[in-house]
There are 2 protein chains.
Amino acid sequence: MYLRYLEDLDAGGQHTASSDELAHLCGTTPAQVRKDLSFFGSFGKRGLGYPVHELTSHLREILGLKREWKVVIVGAGKIGAALANYRGFRQRGFKVIGVYDNSAEKIGLPWGEAIVRDIVDLERDVRVEEALIAVLAIPSDDAQSVVDRLVEAGIRAILNFAPAQIVVPSHVSLKSVNMAMELEGLSFALTNAMTSKGAA
Amino acid sequence: MYLRYLEDLDAGGQHTASSDELAHLCGTTPAQVRKDLSFFGSFGKRGLGYPVHELTSHLREILGLKREWKVVIVGAGKIGAALANYRGFRQRGFKVIGVYDNSAEKIGLPWGEAIVRDIVDLERDVRVEEALIAVLAIPSDDAQSVVDRLVEAGIRAILNFAPAQIVVPSHVSLKSVNMAMELEGLSFALTNAMTSKGAA
DNA sequence: GAATGTGAACCTTTTCACAGCG
DNA sequence: CGCTGTGAAAAGGTTCACATTC
């Protein structure tokens, strides 16, 4: 999050930013900003603040964004499309090397610059291209079996959009996004806000 | 998360579940499960476990899922499509009352059972239908101004997919999902796992 | 006997407050 | 003087362990 705002400041030509300013932008506290950053090093100048451009570079390094990551997208549905379309990915060093699906209707269809490939080629491509990150946007029922194949083929991180509990070995990182659960969280917040204030 | 798994157990005809079992399913610990549930009440029976069907019902009540929530989707792009398509929403009590866009090319196009509406009608529809939840799937630049209009029209919760920092008054709940940030989190995890193990 | 509910212990995260540096 | 960096204090969250109940 800090990186996001520092990039904006940098683009705006600002040379220096205080923990106060960053905290305000990110919706946190100055002390939090200083503790967070100090975990990785001592980037600021006392009396001045943090050098925007330099800190941006440090954070990119820390986050591993100075190299290119090869990504496969599994599932040529709407979510897969939204992701493949997202131009921010390429800029940030995530290169989509292929989009895969098991539906005969979709295989071969154009997909941005590429075409949708048959999911039977998934393992081979992951191995050959040495892709390390996979985005999973397929129905829940198929999720675990595809994950197992990905892991077997050498994938090391998975971003999962299927509303299913996925199991991975400890050397693989997993992050799940469940849209229904996000909405349910809002429902809970709303319900409580409303009952505590007595509104309809 | 508990609700998700309890529903599965209920559908499978299981009448009772121990904190041990739930913990195992959800990837947490029995003590955690008991503390979490006990926050809302005393639902279990000592020596037996939790009554699956009854607890499911309690959790739905707690999460505010026993009523219908009217939802507007703003942005008829790929993410909006993925969400509007998602059948789980309707089942869970989220009724999409309209999809809005500002692009002349998209307005009027069929969209599932409905058609894409002009975003100029957004406030009126939100007011008339008394929609309380909005899903935002539009470019970042337009996000804050649309949010302001939504809040003004009476929206009480927003699920935001634009990679922008949004500001809302305290009576409005906001949840942001940023796909680029999720991937960057994986990049960080991967980078650290790799450097600490010395792999390429 | 089996498994919950819960105070107490433990661990993590956030906040405070101030010494130290530019 | 302004603002960072950081120990120490406070708050928050998790785990333990056991009395209690079915």
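Here is how names work: the chains are called A, B, and so on, in the same order as the sequence lines, proteins then strands, and each is numbered from 1. From a predicted model like this one, the values you see are computed outputs, not experimental measurements.
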**Q** Restricting to nitrogen or oxygen on both sides, can you table the protein-nucleotides 3-9 of chain D pairs closer than 3.5 Å?
**A**
from	atom 1	to	atom 2	distance (Å)
D:dC3	O4'	A:G47	N	3.1
D:dC3	O2	A:G47	N	3.3
D:dT4	OP1	A:S19	N	2.6
D:dT4	OP2	A:S19	OG	2.6
D:dT4	O2	A:R46	NH1	3.2
D:dG5	OP1	A:S42	OG	2.9
D:dG5	OP1	A:F43	N	3.2
D:dG5	OP1	A:G44	N	2.9
D:dG5	OP2	A:Y50	OH	2.8
D:dG5	O4'	A:R46	NH2	3.0
D:dG5	N7	A:R34	NE	2.8
D:dG5	O6	A:R34	NE	3.4
D:dG5	O6	A:R34	NH2	2.9
D:dG7	O6	A:K35	NZ	3.0
D:dA8	N6	A:K35	NZ	3.4

**Q** Can you list everything that forms a ring-ring contact (aromatic ring centres under 6.0 Å, His included) with B:Y86? Sequence neighbours excluded, please.
**A** B:F89

**Q** B:L174: which residues meet the side chain to side chain contact (heavy atoms under 4.5 Å, CB included) condition with it, sequence neighbours left out?
**A** B:I158, B:N160, B:I166, B:V168, B:S176

**Q** Does anything in residues 128-141 of chain B pair up under salt bridge (Lys or Arg N to Asp or Glu O under 4.0 Å), and if so which pairs, sequence neighbours excluded?
**A** B:K70-B:E129

**Q** Could you give the side-chain donor-acceptor pairs of residues 178-188 of chain A under 3.5 Å, partners two or more places apart or in another chain?
**A**
from	atom 1	to	atom 2	distance (Å)
A:N178	OD1	A:A180	N	3.1
A:N178	OD1	A:M181	N	3.2
A:E184	OE1	B:R4	NH2	2.9
A:E184	OE2	B:R4	NH2	3.0
A:E184	OE2	B:R92	NE	3.3
A:E184	OE2	B:R92	NH1	2.9
A:S187	OG	B:L63	O	2.6
A:S187	OG	B:G64	O	3.1
A:S187	OG	B:W69	NE1	3.0

**Q** Once side chain to side chain contact (heavy atoms under 4.5 Å, CB included) is applied, do any residues pair with B:R117, and if so which ones, sequence neighbours excluded?
**A** B:Y100, B:D125

**Q** For A:S57 and A:K66, which I'm curious about, is there any donor-acceptor pair between the side chains at under 3.5 Å?
**A** yes

**Q** Among residues at least two apart in sequence or on other chains, which ones pass side chain to side chain contact (heavy atoms under 4.5 Å, CB included) with B:S38?
**A** none

**Q** Which pairs pass salt bridge (Lys or Arg N to Asp or Glu O under 4.0 Å) with one or both residues in residues 15-39 of chain A, sequence neighbours excluded?
**A** none

**Q** So where does chain B start and stop touching DNA chain C, 5' to 3', when the test is distance under 4.0 Å to a non-hydrogen atom?
**A** C:dA2 to C:dA8

**Q** Distance check needed: D:dG12 P versus B:D36 CG, whole Å only.
**A** 17 Å

